[in-house]
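A short worksheet on the structure shown next.
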Amino acid sequence: MPEPFLPGILGAHKRFEPRPSDVFLASFPKSGTTWLMALTFTTLNRTKHPPCDPDHPLRHRNPHDCVKFLEMAFSLSGDKGNVFAELPSRRVIATHMPYSLLPECITAKGSGRGIVYICRDPKDALVSMWLFTKKKMAAIVAGSNDEDKPPAATSFTIEEAFELFCDGRCICGPQWHHVVGYWEESRKRPEKVLFLRYEEMLRDPVGNVRKLAEFMGCTFSDEEEAAGVVEQIVELCSIDVLKNVEVNKNGTQEFVKNESFFRKGVAGDWSNHMTPVMAARLDKIVEDALQGSGFTFLAGPV
Ligand code: PAP
């Protein structure tokens, strides 16, 4: 964990007050969080904001403005108020924290609070994170008046990113530990943790949105199914639609342009940036680390 994240994590542990109806979206960075935020927000709020509404919040707000990160919100608010206290129920809250770092009030047995985890092939998460980091560093450098700007911020190579990732030295790393922590919990308590796979969601978005709704206790009615509401949610939250929303083309979050959250949105893009030798090395590291866990990234539907 980078040091600047620590006060936010501590703040979440000390001051977050959960509600039984909360839904937590957990992920290793660059695994499809933004997509999951959009799908969850739209699914839960579909009565108030029908997905076909031309004025739907996602048509003028970035998903990161609709769903906040637990640790980041506490980090930004310092010792001041708890931004989540002001939100109406049902709240949707995101986190990149590993399962082992979640506040006990969220994980406690019998707490009834739902966690949806999204997992992605580590090679694609790595490539996505590397490209995002380069963009973020370039934006920080461009916005800085400091004479001592890091001179070669954007020259961060895939080889450098790869070595750090293989060592588990990246935000929330090692990635495979992050995934397995949630996967194990989803096996022990499937009613508490829903484990989704980015690649499966690309293959069958409608089926996965149905699964998500069922998990959150808001299954689509026959009327909604007949009216094509699930398909409308999938369409609204598709990368092509979200990419073209004005705020996602020109808006910003803290040091990050909103457009950086929407790149290709496919499975297997790693092969355009990593050599087969690099891929085989990472696959082997992951395979060795996961031995005995019963989990594999190569599995089909879980
Ligand atoms: P975060 O950790 O900063 O929140 P996150 O949203 O988890 O990022 O991951 C970004 C990835 O999800 C990007 O992948 P890529 O770099 O390989 O393209 C991004 O393109 C992808 N993504 C964002 N929105 C969608 C979407 N609606 N459908 C599918 N993929 C998406």
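Numbering of ligands and ligand atoms starts at 1, following listing order. Values reported hereafter were calculated over all heavy atoms of this structure, with side chains retained and with hydrogens, waters and symmetry mates removed. If you're wondering where the values come from, they're calculated on a predicted model, not measured in any experiment.
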- Item | Arg59: partners by side-chain hydrogen bond (donor to acceptor under 3.5 Å, both in side chains), with sequence neighbours left out | none
- Does Arg187 make a cation-pi contact with Tyr182, if we ask for NZ or CZ under 6.0 Å from the ring centre and within 45° of the axis? no
- Sorted by chain and number, sequence neighbours left out, side-chain hydrogen bond (donor to acceptor under 3.5 Å, both in side chains) with Lys264 holds for Asp269
- Task: Output every pair passing salt bridge (Lys or Arg N to Asp or Glu O under 4.0 Å) with a member in residues 230-243, not counting sequence neighbours, ordered by first then second residue.
- Result: none
- Item | Presence of salt bridge, Arg281 and Glu163, under 4.0 angstrom | yes
- Item | Contact residues of ligand 1, where a non-hydrogen atom lies under 4.0 Å away | Pro29, Lys30, Ser31, Gly32, Thr33, Thr34, Trp35, His64, His96, Arg120, Ser128, Tyr198, Cys237, Ser238, Ile239, Phe261, Phe262, Arg263, Lys264, Gly265
- Taking 4.0 angstrom as the limit, do Arg203 and Glu199 come out as a salt bridge? no
